[in-house]
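All figures in this text were calculated on a predicted structure; none of them were measured in a lab. Atom set for the values below is all heavy atoms of this structure, side chains included, hydrogens, waters and symmetry mates excluded.
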Amino acid sequence: MTVSRTPVVVLGVGQARSRLHDLAVIDVRTPGEYASGHLPDALNIPLDQVRRALPELRHAAERGDVLIVCASGNRSQAACELLAGEGIAAATLAGGTTAWAAEGNDLDRPAASTARGAWAMERQVRLTVGTLVLVGLALGLLVHPAFQILSAGVAGGLVLSALTDTCTMAVLLGKLPHNRPRAADLESTLTALRSR
């Protein structure tokens with residue numbers, strides 16, 4: 001059976017805000033990023049779990065419009081393209097939660113007792129990249145000049161990341177335990193999505 005590809009719709013912040021009560025909002029960031037602040041009533045299904053949630057997302061799209069969000073719009077665009085390939089209509093939020101917050105809209109944050117205190121993925125990447133560069137330079141000065149290859153490799157990775165608009169470091173960091181959803185969290189999210 002061939003599934004027809006549906007077009008990816010991009011909603012601006014104003015459009016999304018005016019329709020928020022009619023949308024099933026899915027945040028595809030990591031659980032730590034989601035906990036740092038998300039659109040009101042958004043459910044967290046990390047990008048690497050979207051395939052697992054296809055039946056629930058299809059059901060949600062059949063009942064109404066689905067809005068996929070992330071920090072800047074890149075991951076939500078990828079999720080929308082994946083869904084479009086499965087014949088599931090979904091929109092992405094232009095500029096993501098960053099644009100949402102920049103326009104003065106509120107972000108929901110879980111209670112401090114239930115939130116895992118993790119940084120946004122971009123911040124985690126900056127910390128990791130900066131640390132690797134400094135370690136490479138320090139080892140190159142103190143141990144052997146060949147260790148500077150580490151810093152050069154990281155710089156090359158940054159250039160490749162910019163040229164391809166991808167981030168291997170973010171993918172790797174996304175696999176760390178604090179960035180992965182607990183099985184119970186994802187199951188409760190899918191249950192909540194089924195009931196909407």
Side-chain angles (χ1 to χ4, degrees), residues 8-54 56-57 59-61 63-83 88-127 167 170-171 173-196:
V8 175
V9 175
V10 179
L11 294 181
V13 171
Q15 294 171 303
R17 184 179 45 250
S18 68
R19 298 183 51 208
L20 197 59
H21 61 282
D22 295 326
L23 298 169
V25 182
I26 307 299
D27 191 317
V28 294
R29 296 176 299 160
T30 67
E33 291 175 290
Y34 174 81
S36 71
H38 54 270
L39 270 67
D41 297 324
L43 297 173
N44 184 220
I45 302 175
L47 182 57
D48 64 349
Q49 298 293 314
V50 168
R51 282 199 183 279
R52 181 173 169 202
L54 284 175
E56 289 82 2
L57 291 167
H59 186 64
R63 290 189 323 257
D65 292 333
V66 175
L67 177 65
I68 309 292
V69 299
C70 66
S72 65
N74 290 335
R75 285 178 278 179
S76 60
Q77 179 72 29
C80 285
E81 289 172 5
L82 187 154
L83 294 174
I88 302 171
T92 181
L93 178 63
T97 55
T98 303
W100 178 268
E103 290 197 18
N105 297 298
D106 289 333
L107 293 174
D108 285 353
R109 289 176 176 83
S113 61
T114 61
R116 290 188 267 177
W119 292 350
M121 185 57 66
E122 180 185 344
R123 188 175 180 193
Q124 293 179 52
V125 168
R126 288 189 312 233
L127 174 69
C167 187
V171 171
L173 291 172
K175 296 183 184 302
L176 293 175
H178 67 275
N179 285 325
R180 303 217 22 100
R182 293 183 215 128
D185 292 344
L186 185 59
E187 284 308 315
S188 63
T189 297
L190 296 178
T191 300
L193 185 57
R194 284 182 210 112
S195 67
R196 284 192 177 186

Criterion salt bridge (Lys or Arg N to Asp or Glu O under 4.0 Å) on E187 and R52, from CA distance to verdict
CA-CA 10 Å; E187 284 308 315; R52 181 173 169 202; 2.4 Å; yes
Which value, rounded to the nearest 0.5 Å, describes the distance between [X] atom [atom1] and [Y] atom [atom2]?
X    : Y   : atom1 : atom2 : result
H21  : D41 : NE2   : CG    : 12.0 Å
T191 : E56 : OG1   : CD    : 8.0 Å
L193 : R63 : CG    : CZ    : 6.5 Å
Y34  : L43 : OH    : CG    : 6.0 Å
I68  : L11 : CD1   : CG    : 11.0 Å
L39  : D27 : CG    : CG    : 7.5 Å

Got more than 12 heavy atoms from elsewhere within 6.0 Å of CZ, R194?
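Yes.
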Least distance between heavy atoms, D108 atom then P40 atom:
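Closest approach of D108 to P40: OD2-CA, 3.1 Å.
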Please give me the minimum heavy-atom distance between V50 and A79, naming the atom from each residue.
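Scanning both residues, the minimum pair turns out to be CG2-CB, 4.5 Å.
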Could you check if a side-chain atom of [X] sits within less than 4.5 angstrom of a side-chain atom of [Y], using non-hydrogen atoms only?
X    : Y    : result
I26  : V66  : yes
I45  : L190 : yes
V125 : C167 : yes
T30  : P46  : no
S76  : L93  : no

Could you tell me whether a side-chain N or O of [X] sits under 3.5 Å from a main-chain N or O of [Y], the two making a donor and an acceptor?
X    : Y   : answer
Q15  : G12 : yes
W100 : A94 : no
T98  : A71 : yes

Contacts of D65 that satisfy salt bridge (Lys or Arg N to Asp or Glu O under 4.0 Å) - sequence neighbours left out
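Listed in chain order: R19.
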Can we say R29 and E122 salt-bridge, meaning some charged N sits less than 4.0 Å from an Asp/Glu carboxylate O?
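A salt bridge is absent here (no side-chain N lies under 4.0 Å from a carboxylate O).
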Looking at T97, T92, L47, V28, which hits side chain to side chain contact (heavy atoms under 4.5 Å, CB included) with C70?
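Of the listed residues T97, T92, L47, V28, the side chain to side chain contact (heavy atoms under 4.5 Å, CB included) partner of C70 is V28.
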Between L186 and N44, does a side-chain contact (heavy atoms from CB on, under 4.5 Å) hold up when you go through it step by step?
CA-CA 8 Å; L186 185 59; N44 184 220; over 6 Å; no
